[in-house]
2 protein chains.
Amino acid sequence: MTASAPRRETPIPLARKRASDGKARPNDADGIGLDALVGHAGYAVRRFQIWIFQDFVRTLASVDIKPTQYSVMTVIGANPGLTQMAVANRLGIERARLVHLLDSLERRKLVKRIKSKSDRRSHALHLTAQGETSLTKFKRLAAEHERHVEEKIGRENREKLLEILAGFT
Amino acid sequence: MTASAPRRETPIPLARKRASDGKARPNDADGIGLDALVGHAGYAVRRFQIWIFQDFVRTLASVDIKPTQYSVMTVIGANPGLTQMAVANRLGIERARLVHLLDSLERRKLVKRIKSKSDRRSHALHLTAQGETSLTKFKRLAAEHERHVEEKIGRENREKLLEILAGFT
DNA sequence: TATTGTTATACTCTATAACTATA
DNA sequence: TATAGTTATAGAGTATAACAATA
């Protein structure tokens with residue numbers, strides 16, 4: 001892609017970069033320059049993250065599953081019996097918030113909390129049979145969403161991105 | 001302070017990823033597998049975005065500037081005279097929310113709203129003299145934050161990331 | 001009628017604190 | 001005492017709707 005290379009530290013007056021090729025450039029879309037914002041990883045990542053979440057929500061709208069719900073079900077599905085603390089820590093969700101997430105998933109009969117016998121303070125989390133079935137469908141839709149990402153940034157770029165960010169999972 | 005990783009015995013065997021090379025893999029950090037979550041761009045991007053915002057906030061804590069405030073000041077600084085609508089659209093912020101952001105920045109004497117003569121509904125946004133001075137300092141700190149990103153993912157990976165995500169700015 | 005800035009409301013998410021029942 | 005789950009509250013952030021002034 002020809003997108004202008006990351007300019008580092010450009011305290012330059014700025015602004016209108018002409019798109020001589022007629023292709024819409026980020027900075028040219030409205031003639032408003034971002035100046036130093038271009039070249040900030042956080043800004044690009046934030047905008048991308050918003051796009052990707054919106055596409056996820058859109059793609060899984062028919063099953064009414066949000067990214068966080070998906071991540072919770074996926075982890076439980078892959079590690080049945082985990083406690084709420086373990087899931088919360090693994091996904092970086094506050095345990096207080098996980099309570100509500102699980103309440104909702106349990107109401108929908110996708111997940112169940114089973115009282116642990118070894119430590120009666122804790123719950124062992126499992127998918128219900130219906131949860132297993134549903135998760136299979138969710139994963140199919142999530143894969144479709146991943147294909148949207150590929151279409152957006154390119155197959156190789158997506159792979160590279162995952163490689164670069166592997167340490168954050 | 002981070003209560004050491006959940007070292008409790010994991011109730012169930014579970015999905016361990018091959019770590020034949022002995023290198024610590026994300027999935028092995030706590031023995032909890034993410035299964036399909038690994039390979040989801042959205043998850044990795046989200047976790048990275050959280051990290052990067054936290055580092056930004058930490059690095060600019062001394063000047064009490066959040067990422068959104070920084071982006072607003074940067075755009076105004078690079079394009080003095082913009083209306084609130086223009087800034088909101090450019091940054092993907094709700095115009096209702098921008099009102100509060102500007103209220104706060106104006107209270108701190110960093111930004112000023114000037115009534116437009118051509119269209120008396122709108123305001124032309126400018127940095128104050130103090131705002132200009134401050135922004136210079138903010139940019140210095142933001143550059144320091146970018147270096148943290150480099151240290152975290154590597155210089156070339158950061159460049160590559162910016163290149164891949166250039167279309168989202 | 002439509003748009004700019006504003007106010008207000010609701011819902012999500014994050015961050016805490018405190019409570020209970022266990023350990 | 002400490003921990004797992006829960007409840008509650010406050011703060012950001014997001015999404016809307018509606019209103020006044022102006023176009």
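Both backbone and side-chain heavy atoms feed into the values below; hydrogens, waters and symmetry mates do not. A note on names: the letters A, B, ... follow the listed sequences, proteins ahead of strands, and every chain is numbered from 1. Source: prediction; values computed, not measured.
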Taking the ring centre of each residue, are A:Y70 and A:F56 less than 6.0 Å apart?
yes
Salt bridge flag under 4.0 Å for residues A:R108 and A:D103:
no
For the atom pair CD (A:E150) and NE2 (A:H145), what is the distance rounded to the nearest 0.5 Å?
11.0 Å
Could you point out which residue of A:I164, A:L165, A:N157 forms a side-chain contact (heavy atoms from CB on, under 4.5 Å) with A:L161?
A:L165
When the distance from CG of B:L91 to C1' of D:dT14 is rounded to whole Å, what number comes out?
15 Å
Could you tell me how far apart A:D103 (CG) and D:dG5 (P) are, to the nearest whole angstrom?
13 Å
So do B:I76 and B:L82 actually touch side chain to side chain, heavy atoms under 4.5 Å?
no
How close or far is atom P of D:dA21 from atom CG of B:D119, stated in whole angstroms?
15 Å
Among C:dT7, D:dT6, C:dA2, the one nearest any side-chain atom of B:R121 is C:dA2
For every nucleotide of nucleotides 12-20 of chain C, 5' to 3': is a protein heavy atom under 4.0 Å from its base (B), only from its sugar-phosphate (S), or from neither (-)?
-SB-B-B--
Whole-Å distance, A:K115 NZ to C:dT22 C1', equals 10 Å
Nearest-neighbour nucleotide for the A:R120 side chain, D:dT7, C:dT22, D:dA23 considered
C:dT22
May I ask you to list the residues of residues 69-76 of chain A, by number, that have any heavy atom positioned under 4.0 Å from an atom of DNA chain C?
none
Before accepting this row, confirm whether a basic side-chain N of the pair A:E163/A:K160 lies closer than 4.0 Å to the acidic partner's carboxylate O.
yes
For B:H123, which of B:R113, B:Q84, B:K115 qualifies under side-chain hydrogen bond (donor to acceptor under 3.5 Å, both in side chains)?
B:Q84
Any side-chain N or O of A:Q84 below 4.0 angstrom from OP1/OP2 of D:dT6?
yes
Please determine whether a side-chain nitrogen of the Lys or Arg among A:K112 and A:E106 lies less than 4.0 Å from a carboxylate oxygen of the Asp or Glu.
no
B:H123 NE2 - D:dA23 P separation (whole Å):
12 Å
Could you check how far CG of A:L98 sits from P of D:dG5, rounded to whole Å?
8 Å
